[in-house]
Number of protein chains: 2
Amino acid sequence: MTMSNTGGRRKPPTIHDVAREAGVSRGTVSRVLNGGHYVSPAAAQAVDAAIRKTGYVVNRHARSLITGRSDSVGFLLTEPQERFFEDPNFNVLLRGCTQALAAHDIPLLLMIAGTQDERRRIVRYITAGHVDGVLLVSSHSGDPVAEELRAAGVPLVACGKPIGLGSKVSYVAADDRDGARDMVRHLLDLGRRRVGVVTGPLDTPGGVERLAGYQEVLAEAGLEADGRLVVSGDYSRASGEAGAERLLARAPDMDAVFVASDLMAQGVLTALHRAGRRVPQDVAVGGFDDSPAAVATSPRLTTIRQPWDRISAEMVRVLLARIGGEEPAAVILPTELVKREST
Amino acid sequence: MTMSNTGGRRKPPTIHDVAREAGVSRGTVSRVLNGGHYVSPAAAQAVDAAIRKTGYVVNRHARSLITGRSDSVGFLLTEPQERFFEDPNFNVLLRGCTQALAAHDIPLLLMIAGTQDERRRIVRYITAGHVDGVLLVSSHSGDPVAEELRAAGVPLVACGKPIGLGSKVSYVAADDRDGARDMVRHLLDLGRRRVGVVTGPLDTPGGVERLAGYQEVLAEAGLEADGRLVVSGDYSRASGEAGAERLLARAPDMDAVFVASDLMAQGVLTALHRAGRRVPQDVAVGGFDDSPAAVATSPRLTTIRQPWDRISAEMVRVLLARIGGEEPAAVILPTELVKREST
DNA sequence: CTGAAAGCGCTTACAG
DNA sequence: CTGAAAGCGCTTACAG
């Protein structure tokens, strides 16, 4: 009875079955499996046929045992879980990485380091060699997990430039400063002159660089820097809302805001609406990310598109190269202004 | 040069090193590792000490090769990717499952079946035995992947009752009908009499059952069923918005809406707002899920809480039991009305 | 309770 | 180009 279902899983064919079927040795089958070098066309063909006939699939454990590779990678999230729950950017990234890895037949192990305990367990798991490398998503500086992994020599590639890890770690990022410049220039082109900004956390590159881009463009336009127009958030919707309220209180004549993330921009829209300001007539709002959040608002957000597909594809490419022995590399991808109704 | 970083990964200690250090055989070390049965206290202690001293961590590939288990499970998402990007429920579930599995030292492999090609690859991967079982998230009926896996005898547990798979597959679900009943009763208790509903897709249990709960309570209250008050959505925000517009057009006197998901309720709020209806004064809005989306709106949503933590914990528990040879089981968990400002 | 031994399914020098 | 053989690190009957 108990077997009726699970009994469906028979012992799968091994390389030995394929070898016998093809009339060759197991070594030859293995060579075909691993690129087909040093194999005669005839043998290769016989093996291919035998594989199809037997339905053979390689046993990854046996392979890993001997190669020392796991042929899997970890996707490590060290963000506070509220952000993970709230920000659709993670989903986009996760989807992109899963897809890019699938093309290489490499499974993605999801690791979420919320508590201290989880952090420890995950570091132990990774440094034990259970994954070949790690895709790291953690924006904040001084991440102890990242540093531990780097020190242990684990191949790593971060999403966004990791502050405080030196140049020894690979990363893929959008051109934050340039993106911010594009948005602020766009706002100025619209004729706005009192442009506020809600930055990201200033211990993240996105926080620092997007602010820098804002400041540069204002200076180039000959507008004086006004501290009342600058507030910081933590990328959460709530912090955007609170930030807009502070801006409104300090600079009621503000006619535009550049917000360093779409999620915060959602909060800004809420606060503006409550304050009776029309968007974009009274205040133009520009976001950053072009995440799914950007089209969930009304009006929909003008924003700076981060090329998530390319970001995830590059993260995977760089990680696999790193696993293959290449030196660390940084990849900076261009952004794009997406014009919608909020400006 | 190339070695400078990756060279940090030395050959890790094996069971052999531990055995030598502890002065016992490898078999004894293995026995300690696997529960400590048939091992003398003295030997166990020596082995434990040797493990700590050497920093030994089991090589999972070697273990799997012999046990035939992979000691990992897949988390399979067969939803259209838009839903995955938009709906924070997935994140909550993913987080919960990862956490529950981590307690068992079992990694979660994320699998996203968007395209036909991905579907095929994933089925091949799973049926090859690369994971011991699968946590399945796919609300729609007639999912071919689910059926293929079930037929192949892969241990499976679904989130929500899988329509069309018969009773042969385990699942964990919230009590949809009861939750819907609670919400509609709450609306009636508020004095509302023209209560509309935006259902989920009617080929999902959540769609069918929540509608049934709505209908039951109205009937019990002696209110006549009015088809103009019933529209269906697909759980997306946009479909909620469109649904509310249709309701408003067909039943302008509507004074409450029960919406079968928080995300759709977000859309309903947008449409209501645009139509100049105040919430909750003119129209009370009740959601379902208590997802992070419920507190991102203004006013925040009164909703039916699905116990996500328990759902994910139970999914993992049931799956591990199933992998261990137990028969399929269904677990239905109670919901709870969460009162906020939208009613 | 414990050790010696077989074997899981693969890859990879090594000879030819 | 190909086969025979060793060995990856573990678990598990089998004898004691």
Side-chain angles (χ1 to χ4, degrees), chain A residues 9-48 50-51 54-72 105 125 127-132 324, chain B residues 9-48 50-51 54-72 105 125 127-132 324:
Chain A
R9 304 187 108 178
R10 285 208 213 86
K11 212 156 192 238
T14 73
I15 206 172
H16 186 252
D17 300 316
V18 176
R20 195 179 19 179
E21 179 70 32
V24 300
S25 73
R26 285 157 19 192
T28 297
V29 175
S30 180
R31 275 177 220 113
V32 173
L33 254 27
N34 293 285
H37 304 302
Y38 306 102
V39 179
S40 67
Q45 212 171 313
V47 169
D48 282 336
I51 288 175
T54 55
Y56 172 78
V57 180
V58 68
N59 180 322
R60 289 173 165 245
H61 304 303
R63 171 181 286 173
S64 290
L65 180 55
I66 189 158
T67 62
R69 284 175 284 114
S70 74
D71 291 321
S72 69
D105 235 356
Y125 187 89
T127 54
H130 294 324
V131 292
D132 295 337
Chain B
R9 305 187 106 177
R10 284 207 214 85
K11 213 160 192 236
T14 73
I15 206 174
H16 186 252
D17 300 315
V18 175
R20 195 177 21 178
E21 179 70 33
V24 300
S25 74
R26 285 156 18 188
T28 298
V29 174
S30 180
R31 274 176 222 115
V32 172
L33 254 27
N34 292 286
H37 304 303
Y38 306 103
V39 179
S40 68
Q45 211 171 315
V47 169
D48 282 336
I51 287 175
T54 55
Y56 172 78
V57 180
V58 69
N59 181 320
R60 289 172 164 247
H61 303 303
R63 171 180 288 173
S64 290
L65 180 54
I66 190 157
T67 62
R69 283 176 284 115
S70 74
D71 291 321
S72 69
D105 235 354
Y125 188 88
T127 53
H130 293 324
V131 291
D132 295 337

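Every chain is numbered from 1 and lettered A, B, ... according to where its sequence line falls, protein lines coming before strand lines. No hydrogens, no waters, no symmetry mates; every other heavy atom, side chains included, goes into these values.
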Among [options], which is the nearest nucleotide to the side chain of [X]?
X     : options               : result
A/I15 : C/dT11, C/dT2, D/dC10 : C/dT11
B/T67 : C/dT11, D/dT11, D/dT2 : D/dT11
A/Y38 : D/dC1, D/dC10, C/dT2  : D/dC1
A/L33 : C/dT2, C/dG9, C/dT11  : C/dT11

Should A/N34 be listed as having a side-chain N or O under 4.0 Å from OP1 or OP2 of C/dT11?
yes
Contact summary for B/A46 and B/A22, nearest pair of heavy atoms
O-CB, 3.6 Å
Please name the nucleotide paired to D/dG3 by Watson-Crick or G-U wobble geometry with both distances under 3.5 Å, or report none.
C/dC14
Does anything in residues 22-31 of chain A reach DNA chain C, meaning a heavy atom under 4.0 Å, and if so which residues?
A/R26, A/G27, A/S30, A/R31
Measure from [atom1] on [X] to [atom2] on [N] and round the result to the nearest Å.
X      : N      : atom1 : atom2 : value
B/H130 : C/dG9  : NE2   : P     : 13 Å
A/H37  : D/dT2  : NE2   : P     : 14 Å
B/I66  : D/dC10 : CD1   : P     : 11 Å

Gap in Å between the two [atom1] atoms, one belonging to [N] and one to [M], rounded:
N      : M      : atom1 : value
C/dC10 : C/dC14 : P     : 23 Å
D/dG9  : D/dA13 : P     : 23 Å
D/dG16 : D/dT12 : C1'   : 16 Å

Roughly how far, to the nearest 0.5 Å, is CZ of A/R60 from CZ of A/R69?
10.5 Å
Distance in Å, B/I15 CD1 paired with B/R63 CZ, rounded so as to fall on 0.5 Å steps:
8.5 Å
B/V18 versus B/E21: any side-chain heavy-atom pair under 4.5 Å?
no
